[in-house]
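Taking it in order: structure first as structure tokens, then the write-up.
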Number of protein chains: 2
Amino acid sequence: MKPSTAAPAEWLPPNIEARQHSLARGEILFRKDDPTAGLYQVKQGQVRLSRVDHTGREVVLHAACAGGLIAEASLFAQVYQCDAVAMTDATVRLYPKDALLAELRQNPEALAGFAAGLAHELMALRARLELRNIRSARERVETYLALNTGADGRTIALRGTAKALAAELGLTHEALYRTLSTLQAEGIIARTKDAIILKMPSV
Amino acid sequence: MKPSTAAPAEWLPPNIEARQHSLARGEILFRKDDPTAGLYQVKQGQVRLSRVDHTGREVVLHAACAGGLIAEASLFAQVYQCDAVAMTDATVRLYPKDALLAELRQNPEALAGFAAGLAHELMALRARLELRNIRSARERVETYLALNTGADGRTIALRGTAKALAAELGLTHEALYRTLSTLQAEGIIARTKDAIILKMPSV
DNA sequence: CGGCGTTTTGAGAGAGCTCAACATCGGTGG
DNA sequence: CCACCGATGTTGAGCTCTCTCAAAACGCCG
């Protein structure tokens, strides 16, 4: 979904020694069942959490861009439950699990920020589930667009490829392309290389 | 999905004056856009969180049974984002938002428990999203069954009606009935009034 | 017994998936 | 500079599967 620019996570304790990693586009940060090293914060680029189901289909669980966190939940687990892949060249900062847990135990302020972040992610994920419940490709795309407009209420920035967007929406890329073509033909949207503009703001 | 028996939430501060409510089956605890009163813990019965999308379709976001929590995330919001409905006769306990927030600020132990609960729910919700990504009704049901077996690895207790299960799975009730019939005819499952038994444990 | 909701089965149609072919773009190396 | 190559983007046609609409049997409760 919308890469979470939302949670800047200023609560992250600055005193923890956090190692920075550089990732090339397509590089894997961790895989499902890897032992959990800790929490990552994305400094640049975009990183996506996904799983692969038994048919080989990819399910995008989360997309974090600069400022966003990855694998919060795994602080409480022994192994990661998703794959994390860099969608663009990216840099991430690792907050080691033990150090972070210790810090959170001593710093209620940080802990509260952490909890709030989790809560917001939970809400976002529920919105996500609701979106997935829409069967019609057209309505799903329209709803997504309506929910993801930028500040002007009309522009949706495209991060990454349209194919990736299809995966986020749970559609095949063909279905997405066709839907966008139709919407464009009907004058409901306009497209540029890296954005979609709603002609009718906030339907 | 599986009503979260998982998080007993012992961290809930016992000293907070928590009012108990009794709900009849079908009764509404709160609705989307109601101002948030606080957090509820289910003492008996089952309560379901859902939304209704613009086509009138119901999306089940969460199903909590005894011990489970409801509306954790809304501690950080002004209004509820879902409807909460009792699926069975139920009793719930309300932990008022302000009192609970104040308590969490002073009691890191409780806050940590709260955060851990949120994290686990996040993981559960992600598993849920993965399930929803399975297109085939049969595979979705098989996956659900495999993930929700009881202690013996073969029995799935049915809470509530099969129709309700269909809603949780994101299927029409007809599709679910047909799928179950097929599985039964193929000898993959057996059915009793309130349970499904896998003939082939843990496929 | 009568009514209501759940369970069950049937038939038809629509919508997205699958497979397939082709265009386009960006990078690589001769 | 151009040919090549892979990945993305695009369009076409058929098919499968679930949804939808319909109807009937069943169980429960007043």
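Remember, predicted model here, so these are calculated numbers, not experimental data. Throughout, a chain's letter reflects where its sequence line sits, starting with A, and its residues are numbered from 1.
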Note to self: If I take atom CE in residue M87(B) and atom P in nucleotide dG5(C), what distance separates them, rounded to the nearest angstrom?
What the structure shows: 14 Å
Notebook entry, point to check: Within less than 4.0 Å of OP1 or OP2 of dT8(C), is there a side-chain N or O belonging to Y177(B)?
Noted result: no
Checklist line | More than 12 heavy atoms from other groups under 6.0 Å of CZ on R31(B) | finding: no
Notebook entry, point to check: For the pair made of CZ in R191(B) and P in dT7(C), what is the distance, rounded to whole Å?
Noted result: 9 Å
Next item on the list: Nearest 0.5 Å please: distance from the CZ atom of R19(B) over to the OH atom of Y40(B).
Entry: 8.5 Å
Using a cut-off of under 3.5 Å, enumerate the N/O to N/O pairs linking the protein to nucleotides 24-29 of chain D.
none

Item checked: Interatomic distance, E139(B) CD vs dT16(D) C1' [rounded to whole Å] -> 14 Å
Checklist line | Enclosure of E27(A) CD (heavy-atom neighbours >12, cutoff 6.0 Å) | finding: yes
Check: Roughly, in whole Å, what's the span from CD in Q184(B) to C1' in dT9(C)?
Finding: 14 Å
Checklist line | T161(B) side chain near dG5(C) phosphate (N/O to OP1/OP2, under 4.0 Å) | finding: no
Notebook entry, point to check: How would you list, by chain and number, every residue that makes a side-chain hydrogen bond (donor to acceptor under 3.5 Å, both in side chains) with K97(A), sequence neighbours excluded?
Noted result: T36(A)
Check: Taking atom C1' of dC4(C) as reference, at what distance in whole Å does atom NZ of K163(B) sit?
Finding: 11 Å
Next item on the list: Classify the ring geometry between F30(B) and Y80(B) as parallel (under 30°), tilted (30 to 60°) or perpendicular (over 60°).
Entry: parallel
Margin query: Without decimals, in angstroms, what is the distance between R132(B) CZ and dT18(D) C1'?
Written below: 15 Å
Notebook entry, point to check: Got more than 12 heavy atoms from elsewhere within 6.0 Å of CZ, R25(B)?
Noted result: no
Check: Does E109(B) CD have over 12 foreign heavy atoms under 6.0 Å away?
Finding: no
Note to self: Taking E186(B) first and then R138(B), would you say they form a salt bridge - that is, a charged N and a carboxylate O separated by under 4.0 Å?
What the structure shows: yes
Note to self: Protein within reach of the bases, or only the backbone? For nucleotides 15-21 of chain C, mark each nucleotide 5' to 3' as B, S or -, using heavy atoms under 4.0 Å.
What the structure shows: -SSBBB-
Check: Of the non-hydrogen atoms in M87(A) and A164(A), which two are nearest, and what is the gap between them?
Finding: CE-CB, 4.1 Å
Item checked: Spacing of I134(A) atom CD1 relative to dC19(D) atom C1', expressed in whole Å -> 16 Å
